[in-house]
Amino acid sequence: MNVLVIGSGAREHALCRSLSLDPAVTALHCAPGNAGIAEVAELHPVDALDGAAVAGLARKLGADLVVVGPEAPLVAGVADAVREAGIPCFGPSREAARLEGSKAFAKDVMAAAGVPTARSYVCVNEAEVDEALDAFGAPYVVKDDGLAAGKGVVVTDDIEQARAHARACGRVVIEEFLDGPEVSLFAVTDGETVVPLRPAQDFKRALDGDEGPNTGGMGAYSPLPWADPKLVDDVLRTVLQPTVDELRRRGTPFSGLLYAGLAITSRGVRVIEFNARFGDPETQVVLARLRTPLAGVLLAAANGTLADLPPLRWSDDAAVTVVVASHNYPGTPRTGDRIDGLDAVKRQDAPHAYVLHAGTKRDGEAIVSAGGRVLSVTATGTDLNEARERAYAAVSRIRLDGSQHRTDIAEKAARQG
Ligand code: AMP
Ligand code: GLY
């Protein structure tokens, strides 16, 4: 199978790594990719938001399957363009990707499907905003309606900050505050059959102890020793399957990766958000544990044959990933800094720990930072403690001037199991 992956982050590196280990994959391409992905896939320049360009590249390469990683191309209709060119594509249509592209649309689908989520109002002016803030009280949750790379949400006790965020966004969703731990559960779906993956937890705040601003994600781990063993079955029944059924009923079936961001509240599971693609950094730990070769799973989703797929096989290992971010992330990150120590990780930590590249590029002989999140250092172990130790040992070998990472990824969970 000849596979083309679209995207350039650590998620795409994780996808390409798994695909490169799949014996069914005979050729692996990535566009535009990054310096780390170049080690496992052939890179091609492309404007990932340009459906015609992506479809043209896929045709030129003779791709049997295109996997669209990030949300922006999906929302722009890139998967539609690939499918129209007659090439199987893993990733939802523009219409179905609105589940991530518009918080208001997602709320509407959930209401229709009876999926439990935070009560909310869509607000378009200051009077509506004040009324909604008043109705729910503190802590206030104000969400930009559109795509915002994980940074469009403000959760605050300060009503002036909540108002200011609403003013800056224009159209917002204001909702009740959900208490309790968060879980990310991904499912592969062909629009009808839904195959859940293993749950993971990510760390959204920039600093240890869940302090600091929201980010795209600073680390993740799986499994969740503290979670109810029935969680996956419950979420499949109450959230994932009804959502997929509702989108099919509307004539806009969702095929690809459905990501449920959940809060485990005292009153039960609630959806915080849906995403229309693999999450980053959770993908790094979920794929580290998947034993079933990946390409066949993604192709079955693209071709509508998931019902015929044997049950997925999983490793009992735990996995942890720690994101190394550049100076000043998530503000305006500094880029162009040289990264050292990557070879040392390969020599001393492989195969249990490895580096997945996010924002990196080659500069002559060197690899330099090229984005906010730079690397996602991933490790497996027989339990979370071992996976953590291995991940942090590898992180300690990496030199990147001004870089930052959290030191408490999976710490609490490791103490529990
Ligand atoms: P989202 O982009 O919707 O995933 O929101 C980003 C983060 O904001 C989530 O991971 C939560 O930590 C937090 N958040 C979002 N909605 C709520 C809510 N209703 N109650 C509490 N925290 C929330
Ligand atoms: N891990 C959060 C996200 O991918 O949106």
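Keep in mind that the numbers below use all heavy atoms, side chains included, and drop hydrogens, waters and symmetry copies.
A salt bridge does not link D233 to K230: none of the charged nitrogens lies less than 4.0 Å from a carboxylate oxygen. Ion pairing of R163 with D130 is present here, as a side-chain N (NZ or NE/NH1/NH2) and a carboxylate O approach within less than 4.0 Å. By the 4.0 Å N-to-carboxylate-O rule, E175 lies close enough to K143 to be salt-bridged with it. A salt bridge links D337 and R334; the closest N-O separation between the charged side-chain nitrogens and carboxylate oxygens is under 4.0 Å. Residues R167 and E160 are not paired through a salt bridge, judged by the lack of any N-O separation under 4.0 Å between the basic side chain and the carboxylate. Salt-bridge annotation for R98 and E71: absent, with no side-chain N of the basic residue lying under 4.0 Å from a carboxylate O of the acidic one. Ion pairing between a basic and an acidic side chain is recognised when a charged N comes within 4.0 Å of a carboxylate O; R406 and D210 show such pairing.
D280 and Q284 are linked by a side-chain donor-acceptor pair at a separation below 3.5 angstrom, with hydrogens and angles left out of the test. No hydrogens or angles considered: a donor-acceptor pair under 3.5 Å links the side chains of D208 and T407. Side-chain polar atoms of T117 and K107 form a donor-acceptor pair below 3.5 angstrom. Side-chain contact annotation: Q161 with Y140, donor-acceptor N/O pair under 3.5 Å absent. Looking only at atom types and distance, the side chain of R289 has a donor-acceptor partner in the side chain of S222 under 3.5 Å away. Between the side chains of T321 and S376, a donor-acceptor pair is found at a separation under 3.5 Å. Between the side chains of S102 and D145, at least one donor N or O lies within less than 3.5 Å of an accepting N or O.
Between A391 and V322 the shortest heavy-atom distance is CB-CG2, 4.2 Å. Closest approach of K103 and V173 over heavy atoms only: CB-CG2, 3.8 Å. Across all their heavy atoms, F177 and V155 have their closest contact at CE1-CG1, 3.7 Å. Smallest separation of non-hydrogen atoms from P311 and T292: O-OG1, 4.4 Å. For R250 against F105, the heavy-atom pair with the smallest separation is NH1-CE1, 3.8 Å. The two residues Q201 and L224 have their closest heavy-atom pair at N-CD2, 3.6 Å.
Looking only at side-chain heavy atoms (C-beta outward), F278 and F186 come within less than 4.5 Å of each other. Here the side chains of V368 and T360 are not in contact, with every heavy-atom distance at 4.5 Å or above. F274 places none of its side-chain heavy atoms less than 4.5 Å from the side chain of E100. V232 has its side chain within reach of L185: a pair of non-hydrogen atoms, C-beta onward, lies under 4.5 Å apart. P92 is not listed as a side-chain neighbour of S255, based on a closest heavy-atom distance of 4.5 Å or more. When side chains are defined from C-beta on, P333 does not count as touching N328, because their heavy atoms never get closer than 4.5 Å. Using a 4.5 Å heavy-atom cutoff, the side chains of L312 and V195 are in contact. Counting heavy atoms from C-beta on, the side chains of I339 and I398 come closer than 4.5 Å.
Atoms CG and CG, from L65 and L19 in turn, are 8.0 Å apart once rounded to the nearest 0.5 Å. Remark: L262 CG to E273 CD distance equals 9.5 Å, nearest 0.5 Å. Residue L356 holds its CG atom at 12.0 Å from CZ of R373, rounded to the nearest 0.5 Å. Taking CG of L74 as the reference point, atom CD of E95 lies at 13.5 Å (rounded to 0.5 Å). F90 contributes atom CZ, which lies 5.0 Å from atom CG of L298 (distance to the nearest 0.5 angstrom). Taking CZ of R347 as the reference point, atom CG of L342 lies at 11.0 Å (rounded to 0.5 Å).
The closest donor-acceptor contact from the side chain of Q241 to the backbone of E192 lies under 3.5 Å. Side chain of S326 to main chain of G372: a donor-acceptor pair is present (N/O by atom type, distance under 3.5 Å, no hydrogens or angles). T189 places a side-chain N or O within donor-acceptor distance of the main-chain N or O of T193, the cut-off being under 3.5 Å. Between the side chain of E128 and the backbone N or O of V124 there is at least one donor-acceptor pair closer than 3.5 Å. With hydrogens and angles disregarded, no donor-acceptor distance shorter than 3.5 Å links the side chain of R198 to the backbone of V286. Using a distance-only test at 3.5 Å, with no hydrogens or angles considered, a donor-acceptor pair links the side chain of D50 to the main chain of A53. A donor-acceptor pair under 3.5 Å links the side-chain atoms of D80 to the main chain of R94, judged by distance alone. Within the 3.5 Å criterion, the main-chain N or O of G191 finds a donor-acceptor partner in the side chain of R248. Looking at D202, its side chain never comes within 3.5 Å of a backbone N or O of P281 through a donor-acceptor pair. Here the side chain of R399 pairs a donor or acceptor atom with the backbone of S396 at under 3.5 angstrom.
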Item checked: CA sep, side-chain torsions, deciding dist, call: H327, Q404, side-chain contact (heavy atoms from CB on, under 4.5 Å) -> CA-CA 7 Å; H327 181 68; Q404 31 159 341; over 6 Å; no

Test side-chain contact (heavy atoms from CB on, under 4.5 Å) on L290 and L294; report intermediate values, then the result.
CA-CA 8 Å; L290 180 65; L294 182 62; 3.9 Å; yes

Could you give me the CA-CA distance, side-chain angles and deciding distance for I272 and L178, then say whether side-chain contact (heavy atoms from CB on, under 4.5 Å) is met?
-> CA-CA 8 Å; I272 294 179; L178 297 175; 3.9 Å; yes

**Prompt:** V142 and V153: side-chain contact (heavy atoms from CB on, under 4.5 Å), yes or no, with the steps?
**Reply:** CA-CA 6 Å; V142 181; V153 177; over 6 Å; no

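Crowding of Y121 atom OH: a count of heavy atoms from other residues, nucleotides or ligands under 6.0 Å not exceeding 12. Dense packing is recorded around CD of Q348, with more than 12 heavy atoms of other residues, nucleotides or ligands lying under 6.0 Å away. With a 6.0 Å radius and a threshold of 12 heavy atoms from other residues, nucleotides or ligands, R291 has its CZ atom above the threshold. Applying the 6.0 Å contact sphere to CD of E126 captures no more than 12 heavy atoms from other residues, nucleotides or ligands.
Ring geometry for Y221 against F203 counts as tilted: the plane angle lies between 30° and 60°, on a 0 to 90° scale.
Each of I367, I37, V374 was scored for a side chain to side chain contact (heavy atoms under 4.5 Å, CB included) with H357, with one residue passing: I367. When R277, H13, E12, R11 are each tested for a side chain to side chain contact (heavy atoms under 4.5 Å, CB included) with T283, only one passes: R11.
For the pair R17 and Y354, the cation-pi criterion (under 6.0 Å, within 45° of the ring axis) is fulfilled.
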